[in-house]
Structures are given as C-alpha cells and as structure tokens.
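Have a look at the structure below, then the notes.
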Amino acid sequence: MLKSILFTNIFICLTFLPQAQAQKVTNSWNSADIKSKLEKLNVLGSVLYFAAHPDDENTKLIAWLAQEKHYKTGYLSLTRGDGGQNLIGTEQGVELGLIRTQELLAARRIDQGEQFFTSAFDFGFSKTSEETFNFWDKEQVLREAVWIIRKFRPDVIITRFPPDARGGHGHHQASAILAKEAFIAAGDPTRFPEQLKQVKPWKATRLLWNTYNFGNQNTISDDQIQMEIGQYNPLIGKSYGEVAAESRSSHKSQGFGSAAQVGKSTEYFEYIAGEATNKDLFENIDDTWSRIPHTAAISTKIKQINASFQLDHPEKSIPDLFEALTLVKAIADNYWKEIKTNEINDLILACAGVRIESIAAKPHYAIEDTIKVTNQLIVRADVPTIQVAKINGKNINQNLENNTLTSFISSYPARFSTQPYWLDAPNLIGRFQFADFNKTGAPENPDYPAVDYELVINGKALNYKKPIQYKFTDPVRGEIYNPIVISPAITASTDQTIVLSQNNTAQKVRVTFINEGSTKNRTENVSPVVNKNWIVTPNLVKLEYSENQQQISQEFSVQAQTKDTRLDTLSFRYGSNEKVKINRDIHYDHIPAITWFPDLTVKVSNLQLQVPIKKLGIWLELEI
C-alpha cells in the first residue's frame with residue numbers, strides 16, 4: 001500500500017493557469033495527491049490570512065488549513081515586498097518585488113495556499129500606520145481588500161498583526177486596521193457599490209488575530225483560542241512543521257531558510273470581530289455540502305468515491321466522478337459550483353493519467369508575432385476512450401492511444417506584452433497603478449498566453465486551459481520550464497543613464513533600438529520626449545530594419561536652452577505614441593526567469609559652473 005502511495009504517478013493538467021511555474025516543473029499528481037483532493041471535495045470552507053509583506057504569513061498554519069482541514073486557504077499580502085533587503089543579488093525596489101512575488105508563489109505551491117496582493121507598494125520602514133497611510137492611499141487599498149474578500153468569500157479572516165505599536169512596523173499595524181475595516185465593509189452593500197455588478201457583498205463569520213511569541217514579543221495567553229497544528233500527514237509523509245519549513249525556505253531573497261519542526265505545535269488566536277468563539281476557528285460554521293440546499297446526494301456520492309478509491313487504479317473512480325460532476329453542475333450556488341466543477345475536472349484528468357504540455361518553439365516573442373506551439377498529450381491509465389476534440393476552438397477529433405505521446409501543432413497570436421500588469425504604468429511612491437481593476441489581487445497576469453483544450457473522456461466533453469511555456473534542458477539542472485516572454489515590437493538600450501551638461505553645452509547620447517519582432521524588414525519612426533527647456537536633435541529618426549540589421553544605433557545631441565534648466569528625463573516614443581522600453585531579465589535558479597519592460601529613460605541635468613579666476617599665480621620663497 002505504501003509503495004502504491006509513493007510510486008503510482010498519475011498526470012494532470014490544471015483547469016486554471018498555474019501561478020508562474022517553478023523552473024523544475026512536475027505535471028503530476030500521484031495517487032496520494034488524488035486521494036487528498038478527493039477528500040477536499042467534501043469540504044466547503046475557506047480562510048483568508050491577512051498581512052503586509054512576503055514572509056509575514058504563518059506558513060505552518062496555511063499548510064494545516066489547506067492540507068489537513070482541506071479549506072480553501074488564501075494569503076493576502078498587501079505588498080510584494082519591494083522595500084526590503086535582497087540577500088541574493090543587487091535587485092531593489094520593483095525588481096525585488098518581482099522576485100518576492102515568485103518566491104511567495106513557490107511557497108504557496110508547497111503549502112497549497114492561494115496568493116493575493118493589493119496595489120500597495122512596500123516603500124520601506126515606517127513607524128506608524130498613519131505614516132503608512134500617507135503613502136498607500138488607505139481608501140484605495142481598502143477598496144481592493146474588500147474586492148478580494150468578496151471574490152474569495154472566506155468564512156474566517158485571520159490577521160497576523162495587531163493594529164497598535166505591538167505590531168512594530170507601520171505596515172504591520174496598517175494591515176490589521178485594513179483587515180478589520182475590510183471585514184466590515186465587504187458585507188456592507190453601501191461600501192464600494194460599483195463592485196456589486198460582478199460580486200456580491202460577503203460577510204465573513206469572524207475575524208481573528210493569530211497571536212505569536214517570537215523576538216521580544218509575546219502576545220499569546222492561555223485564555224485565547226488554541227489549535228493544535230503539528231499533526232503528521234501520511235499522504236504527504238510530513239508534518240505541517242516540515243511542510244512549513246520548505247515553504248518558508250522559498251523566501252531566499254530574505255535569507256529565510258528554515259529548519260523543520262516536528263511534534264506538537266499550538267497556534268493561538270484572539271477574537272477581534274464578528275461571531276464570537278472561544279474554542280475553534282470554525283465554530284458554528286458549516287463547512288460541508290449541507291450549507292447549500294439540496295446537495296445531500298453530492299456528499300453521499302463523494303463519500304462513496306473516497307471509500308472505493310484504489311491507489312493503484314485511480315482510473316476506476318472516473319465514472320463516479322462524472323456522476324458527481326453532473327450533480328454539482330445542477331446546484332444553484334454559482335460560487336461553489338465553479339470551484340467544485342474545476343476540482344472534479346482536474347481529478348478526472350488525473351485519474352485518467354493524462355499529461356498535457358503546450359511548448360513554444362522559442363522563449364521570446366514580440367507583439368504581433370505568431371507563436372508556434374507544440375501541444376503534447378499522453379494517456380497513461382487504462383481508460384476506454386480519450387479524444388482530443390478541439391484545440392483553441394479548432395476541430396481535431398482524434399483519439400489518444402494509451403501510453404503514446406501525441407503532438408498537435410497550433411499557433412497563438414501575440415497580441416499583448418507579458419509585462420506584469422501592475423507595472424503597466426509608473427508607480428506612485430506608495431502604490432502601483434493599473435487600469436483594469438478586475439486584475440486586482442492577481443499575483444500574475446490573468447491573461448497569460450494559454451491554449452484551450454476540449455477533451456472527450458468516456459463520451460463527455462471537458463475543457464482545460466494550459467499555459468504556453470518554453471522548455472529546455474540544462475546540463476546541470478535538467479529539464480527546465482519557463483514562462484514565454486512577449487515584448488514590445490521595439491526595445492532599446494543605452495549605456496548612458498545620466499547626462500550632465502555644463503553651462504548649456506550640448507552632450508551626446510547613443511541609443512540602440514532593437515527590432516524584437518519576427519518581421520525583419522520593417523520601418524519605424526522614433527522621436528525623443530523631453531521637457532521643452534531642452535533641445536534634442538535629431539527630433540525624428542527613421543529606423544529601417546533589414547534581414548541583416550536588427551539593431552540600429554543612433555546618436556542624439558541634448559542641450560539645455562536656458563541656464564535655469566535643471567534635472568529632466570529624456571525618453572523616446574515610436575509608432576502610435578508607444579514608449580520605447582528596455583528588456584530587463586532576472587535569473588535565479590529557485591524561481592522562473594522574470595522579464596519586464598521599464599521605460600528607457602536618461603536623466604539629463606544642466607550644471608552652471610562659474611570660475612571667476614582666469615589666471616593663477618604661485619609665489620614661492622626659497623631659503624638658501
């Protein structure tokens with residue numbers, strides 16, 4: 001039996017886009033994973049953990065909630081950790097936030113939580129919540145927190161910090177204040193009513209503070225709610241202390257490698273708001289199917305599936321899973337209908353032993369390119385019939401033979417850049433700006449390039465979505481998967497990020513413009529953009545790319561018009577007023593490759609230097 005748990009490997013394609021694939025990727029759920037997911041089908045509870053930064057979360061508690069209790073568990077980090085120290089490299093600010101976003105996603109893949117963010121920017125240490133809110137725009141961040149709560153619909157919200165000086169960092173205090181205000185506002189239809197076109201008000205049952213004893217702070221007491229979370233999970237072969245150590249060790253840029261903790265472990269909670277409790281996080285909360293009317297048959301069917309599940313023949317559960325799917329699709333609660341439908345779809349694919357990959361021909365494309373994708377599928381379980389009906393809406397209608405890798409070629413139009421959505425516009429001191437509010441909370445771009453599959457399994461159609469990735473083999477690390485990159489059509493580079501002009505004298509700036517697209521012969525007009533107090537020549541450059549010339553260097557003369565001209569920024573535009581961007585890459589072995597596209601900018605400054613002394617004489621007295 002144990003051998004079956006450890007070595008029966010069954011493969012799966014998730015119905016949702018995975019959160020930035022780690023560099024060493026597995027597409028598999030083994031039989032123990034499937035068994036755990038089957039047990040989760042009968043649980044309809046959810047918890048949202050609420051704090052300020054990457055690393056603030058209680059990874060042991062998240063792992064216990066997600067994998068022991070099988071609750072839908074999320075972590076809302078108000079910031080991406082942009083203002084901290086980087087112990088593995090030189091990246092700071094926005095780029096450090098990009099690294100820590102991926103480290104958090106790596107942690108969530110281990111502890112099985114979900115990850116959310118607001119637009120709040122980690123601008124560095126602050127002493128008080130008042131100081132923090134001066135930068136964050138409290139009402140905007142509150143609006144985003146309410147949106148996330150209304151979409152996620154947690155039964156319980158848990159905050160990491162208290163709202164006062166005991167929380168230390170002003171961001172920590174602010175997170176506790178926002179957690180309580182969002183807890184109340186999310187259930188009030190008069191607060192942020194514009195959201196109600198897409199979500200409903202949601203009143204979580206209670207808000208709790210997860211107290212702690214570390215450093216010189218001990219906020220736990222015997223009269224608080226106490227939960228034992230040090231259990232050992234035989235399906236994963238680890239205790240939640242061991243899972244937490246692996247999860248927390250994902251925060252490598254912060255030097256948070258952790259030792260595993262085994263044995264009993266008690267977490268403490270203080271009641272803050274909502275329905276009071278003194279013994280259990282979920283007291284008086286129905287986390288079963290009975291919270292939805294007329295679902296007794298679903299619960300019975302799922303119990304039957306769990307009881308009859310065979311570790312060495314998971315495919316035998318497929319007919320019963322289809323029966324459960326039919327029952328779930330008939331319920332009136334659209335929220336749980338979508339969640340449980342996706343869970344069952346994934347389980348059917350896993351039990352059927354299907355592996356799907358969508359692999360791009362190269363790692364980097366540009367807007368308006370066509371991405372050639374090799375879609376590979378293999379069925380490794382003994383199932384009657386699996387047919388590929390459609391790929392991206394195109395009819396395929398081909399059966400898959402057992403244990404035979406089958407490939408289909410498709411194309412994907414690169415319509416937009418893979419620039420992280422929160423970096424589309426320049427950020428303010430205290431928060432990011434982005435136009436599409438619907439993306440609020442998403443850890444990465446929700447519209448990342450993907451392939452849509454329609455499979456017919458046992459005569460029934462199921463839909464799946466698989467992200468397009470680039471795969472290669474590293475001689476040391478083996479097979480590596482990375483997200484594909486779609487860049488602007490034109491990018492640029494320059495070695496001169498600062499130009500100093502003395503007394504209005506002209507200075508030179510050399511910029512190299514790069515054609516990123518697959519269209520080799522193209523023409524683009526580029527013009528400099530700068531304050532009117534500066535003269536830049538030429539003021540228009542015609543870039544004519546050819547098969548043998550994909551990079552064009554151009555020298556610009558920059559001169560201040562008046563002596564009062566001081567510091568300004570020079571940038572460039574092309575096409576229909578598109579800003580010229582830089583292609584910036586970040587590479588570390590523990591996270592996927594990261595590429596983003598900041599504006600190409602050159603700081604230009606005019607210095608007025610006065611030297612009134614025209615001649616210098618030296619008087620020497622010599623003693624002989």
Side-chain angles (χ1 to χ4, degrees), residues 17-18 20-21 23 25 98 356-376 390-394 396 407-421 423-424 435-436 439 444-453 465-472 480-493 511-526 541-553 572-587 592-600:
L17 288 185
Q21 292 285 338
Q23 289 231 344
V25 168
L98 288 167
I356 304 176
E357 288 186 344
S358 294
I359 304 300
K362 59 181 184 177
H364 192 131
Y365 297 85
I367 294 173
E368 298 179 359
D369 280 354
T370 297
I371 302 171
K372 180 182 177 182
V373 182
T374 300
N375 306 290
Q376 296 185 327
K390 296 179 181 180
I391 296 179
N392 283 341
K394 181 181 178 181
I396 304 295
S407 297
F408 304 92
I409 304 300
S410 65
S411 60
Y412 182 93
R415 297 190 180 97
F416 47 83
S417 164
T418 52
Q419 171 85 309
Y421 73 89
L423 300 179
D424 278 344
D436 188 355
K439 294 181 178 179
E444 297 183 291
N445 292 355
D447 49 5
Y448 181 80
V451 173
D452 292 311
Y453 293 86
K465 188 181 287 287
K466 188 70 176 176
I468 301 172
Q469 298 177 290
Y470 177 69
K471 180 173 70 173
F472 67 98
I480 305 297
Y481 292 72
N482 272 325
I484 61 167
V485 175
I486 301 177
S487 73
I490 301 294
T491 64
S493 65
V511 179
T512 299
F513 298 95
I514 304 158
N515 178 23
E516 299 281 5
S518 57
T519 302
K520 302 303 181 184
N521 298 296
R522 65 184 299 164
T523 300
E524 293 286 353
N525 291 324
V526 174
V541 175
K542 187 175 184 180
L543 303 176
E544 296 182 293
Y545 295 101
S546 64
E547 188 71 30
N548 298 320
Q549 188 177 25
Q550 296 299 293
Q551 298 186 14
I552 299 174
S553 293
F572 299 86
R573 293 187 181 275
Y574 75 100
S576 58
N577 210 30
E578 297 287 332
K579 281 194 172 182
V580 175
K581 308 280 188 178
I582 303 171
N583 190 328
R584 290 277 293 172
D585 295 316
I586 302 172
H587 291 280
I594 299 170
T595 302
W596 72 297
F597 307 102
D599 295 343
L600 172 68

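If you read the sequence from its start, that first residue is 1, and numbering goes on from there.
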With a 4.5 Å cut-off on side-chain heavy atoms, are [Y] and [X] touching?
| X | Y | answer |
| --- | --- | --- |
| Glu516 | Asp369 | no |
| Asp447 | Phe416 | yes |
| Thr374 | Ile409 | yes |
| Thr418 | Thr595 | no |
| Asn583 | Phe597 | yes |
| Tyr545 | Ile490 | yes |
| Ile356 | Asn375 | no |

Please report the interatomic distance [atom1]([X]) to [atom2]([Y]), rounded to the nearest 0.5 Å.
| X | Y | atom1 | atom2 | value |
| --- | --- | --- | --- | --- |
| Ile484 | Tyr470 | CD1 | OH | 12.0 Å |
| Ser518 | His364 | OG | NE2 | 11.5 Å |
| Ser410 | Ile371 | OG | CD1 | 10.0 Å |
| Lys471 | Ser358 | NZ | OG | 11.0 Å |

How close do [X] and [Y] get, counting heavy atoms only, and between which atoms?
| X | Y | value |
| --- | --- | --- |
| Asn482 | Ala593 | OD1-N, 3.0 Å |
| Asn521 | Ser546 | OD1-CA, 3.3 Å |
| Glu357 | Tyr453 | O-OH, 3.7 Å |

Is the number of heavy atoms from other residues, nucleotides or ligands within 6.0 Å of NZ (Lys362) greater than 12?
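For Lys362, atom NZ is crowded (more than 12 foreign heavy atoms under 6.0 Å).
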With a 6.0 Å cut-off (strictly less than), is the heavy-atom count around NZ of Lys372, excluding the residue itself, greater than 12?
no
Run the side chain to side chain contact (heavy atoms under 4.5 Å, CB included) test against Leu423 and tell me which residues pass, sequence neighbours left out.
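Leu423 satisfies side chain to side chain contact (heavy atoms under 4.5 Å, CB included) with Val94, Leu98, Gln419, Pro420, Phe432, Trp596 once adjacent residues are dropped.
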What verdict does the side chain to side chain contact (heavy atoms under 4.5 Å, CB included) test give for Tyr421 and Asp436, after you've listed the backbone C-alpha separation in whole Å, the side-chain angles of each residue and the deciding distance to 0.1 Å?
CA-CA 9 Å; Tyr421 73 89; Asp436 188 355; over 6 Å; no
Can a donor-acceptor pair be found, under 3.5 Å and without considering hydrogens, that links the side chain of [X] to the backbone of [Y]?
| X | Y | answer |
| --- | --- | --- |
| Ser417 | Ile486 | yes |
| Tyr365 | Pro413 | no |
| Asn392 | Asp452 | yes |
| Asn515 | Gln550 | no |

Residues passing the side-chain hydrogen bond (donor to acceptor under 3.5 Å, both in side chains) test with Thr370, sequence neighbours excluded, are none
Report all side-chain donor-acceptor pairs from residues 574-582 shorter than 3.5 Å, counting only partners two or more places apart or in another chain.
{"unit_1": "Asn577", "atom_1": "OD1", "unit_2": "Arg573", "atom_2": "NE", "d": "3.4"}
{"unit_1": "Lys579", "atom_1": "NZ", "unit_2": "Asp599", "atom_2": "OD2", "d": "3.3"}
{"unit_1": "Lys581", "atom_1": "NZ", "unit_2": "Asp599", "atom_2": "OD1", "d": "2.6"}

